[in-house]
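What you see is a predicted model; the values in this text were computed from it and never measured. All values below come from the heavy atoms of this structure, side chains included, with hydrogens, waters and symmetry mates left out.
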Amino acid sequence: MENLAHSTLISIQKLYAYYKALGERAMTQVPEAGLFWVPGPEGNSIAVLVKHLSGNMRSRFTDFLTTDGEKPDRNRDTEFVLDFGTREEMEELWDRGWRVVEDMFATLSGEDMDRVVYIRNEGHLVVEALHRQLGHYAYHVGQIVLIARTIVGDEWVSLSIPRGKSEEFFQKKMAQAKRRAHFTDQQ
């Protein structure tokens, strides 16, 4: 039988990778100018959301097990100020943030899941901190997907099961042998 803490860690890691890929697949469809489009006076562009995610990832996951997840040098408010203007710069921020996440996962083991880490002086079990951030990243990736879908319009390529294809997808899945799998394994 699998160790529950180890299985949980692997599942969470796969979900982080899933949301990273989901964001990338959405942003790839957007013309460069669309990455900087702001949907309203208090809205954020895709580029600003990427900048915020990158800053959050650096803060939360640098020295994850040993320092507070809100680093003293982080200036969250500046994450919402657009100070760059190319897809290349945005992608560098995206990659830099996700590298910190990936490096953090490379150091964790199932035994770490019940250790306590701090975010703004609030103690969290590692599993709780990972879930907290997973929810945060899924929220912002969802915003990126919605903005991207709005910009791309009729040319949008579905990131999940396309409309009208649910039954076909279901039949294909049910034709497969039962097995233990994580839904992200087929992405």
Side-chain angles (χ1 to χ4, degrees), residues 12-108 117-122 124 126 128-160 184 187:
I12 292 170
Q13 187 173 6
K14 287 181 178 191
L15 287 168
Y16 274 79
Y18 170 78
Y19 284 107
K20 176 182 185 277
L22 193 67
E24 289 169 352
R25 289 172 51 215
M27 290 185 288
T28 299
Q29 296 187 54
V30 178
E32 185 163 14
L35 298 171
F36 302 93
W37 176 75
V38 180
E42 291 298 315
N44 294 306
S45 66
I46 290 172
V48 164
L49 290 168
V50 166
K51 184 178 177 189
H52 168 58
L53 284 167
S54 182
N56 182 277
M57 290 170 181
R58 182 197 65 78
S59 187
R60 293 293 183 266
F61 293 123
T62 299
D63 303 321
F64 177 57
L65 294 175
T66 58
T67 65
D68 194 284
E70 189 68 20
K71 303 298 183 277
D73 65 341
R74 180 181 185 204
N75 185 341
R76 184 181 177 279
D77 290 336
T78 64
E79 294 169 8
F80 296 94
V81 176
L82 186 61
D83 57 1
F84 62 93
T86 68
R87 177 185 295 274
E88 184 177 89
E89 291 169 300
M90 184 197 76
E91 288 174 349
E92 173 52 36
L93 282 170
W94 178 262
D95 291 341
R96 191 178 319 150
W98 283 105
R99 264 192 309 276
V100 174
V101 173
E102 291 159 0
D103 290 348
M104 176 273 306
F105 274 116
T107 68
L108 287 183
V117 296
Y118 291 87
I119 302 171
R120 299 179 184 133
N121 277 343
E122 294 174 352
H124 298 66
V126 165
E128 294 169 331
L130 293 174
H131 277 119
R132 172 183 172 157
Q133 294 314 120
L134 179 61
H136 183 213
Y137 301 159
Y139 170 77
H140 286 309
V141 168
Q143 291 174 322
I144 289 169
V145 170
L146 178 62
I147 294 167
R149 175 70 181 91
T150 300
I151 291 167
V152 173
D154 292 340
E155 301 301 312
W156 180 255
V157 176
S158 177
L159 304 178
S160 63
T184 62
Q187 299 300 319

Gap separating the CE atom of Met27 from the CD1 atom of Ile151, nearest 0.5 angstrom: 12.0 Å
Heavy-atom check, side chain of Leu130 versus side chain of Met104, under 4.5 Å: yes
Given Val152, Ile147, Leu146, the one that forms side-chain contact (heavy atoms from CB on, under 4.5 Å) with Thr150: Leu146
Nearest-0.5 Å distance, CZ of residue Phe84 to CG of residue Leu93: 5.0 Å
Close side-chain approach of His140 to His136, heavy-atom, < 4.5 Å: yes
Short side-chain to backbone donor-acceptor contact, Ser45 and Trp37, under 3.5 Å: no
Pair Asp63-Lys71, salt bridge (charged side-chain N to carboxylate O under 4.0 Å, His left out): steps then yes or no: CA-CA 10 Å; Asp63 303 321; Lys71 303 298 183 277; over 6 Å; no
pair Phe105-Phe61: side-chain heavy atoms closer than 4.5 Å: no
Residue pair Ser54 / Gly97: nearest heavy atoms and the distance that separates them: OG-N, 3.6 Å
Any side-chain heavy-atom pair of Glu79 and Arg74 under 4.5 Å: yes
Gap between atom CZ of Arg132 and atom CD1 of Ile119 - 0.5 Å precision: 4.0 Å
Minimum heavy-atom distance between Leu35 and Val30, given as atom pair plus value: N-CG1, 3.7 Å
salt_bridge(Arg76, Glu70) N-O dist < 4.0 Å: no
Minimal non-hydrogen separation, Val48 against Phe80, with atom names: CG1-CA, 3.7 Å
Nearest heavy atoms of Val117 and Phe64, plus distance in Å: CG1-O, 3.5 Å
side-chain hydrogen bond (donor to acceptor under 3.5 Å, both in side chains) between His131 and Glu128, intermediate numbers included: CA-CA 5 Å; His131 277 119; Glu128 294 169 331; over 6 Å; no
Nearest-0.5 Å distance, CE of residue Met57 to CZ of residue Arg99: 12.0 Å
Reported CD-to-CG distance for the pair Glu89 and Leu82, which is rounded to 0.5 angstrom: 9.0 Å
Neighbour count above 12 (heavy atom, 6.0 Å) for Tyr139 OH: no
Within-4.5 Å side-chain heavy-atom neighbours: Arg149 and Leu159: no
Main-chain N/O of Gly55 paired to Ser59 side chain as donor or acceptor, under 3.5 Å: no
Crowding at CG, Asp73 (>12 non-hydrogen neighbours, <6.0 Å): yes
Nearest heavy-atom neighbours spanning Thr28 and Arg87: CA-NH1, 4.3 Å
Other residues, nucleotides, ligands: >12 heavy atoms within 6.0 Å of Asn121 CG: no
Pairing residues for Tyr118 by the ring pair (Phe, Tyr, Trp, His ring centres under 6.0 Å) criterion, not counting sequence neighbours: none
pair Leu108-Leu65: side-chain heavy atoms closer than 4.5 Å: yes
For Glu24, the option from Tyr19, Trp98, Trp94 that meets side-chain hydrogen bond (donor to acceptor under 3.5 Å, both in side chains): Trp94
Heavy-atom closest pair, residues Gln29 and Glu155: OE1-O, 4.2 Å
Approximate separation, where rounding is to 0.5 Å, of Tyr137 OH and Asn56 CG: 3.5 Å
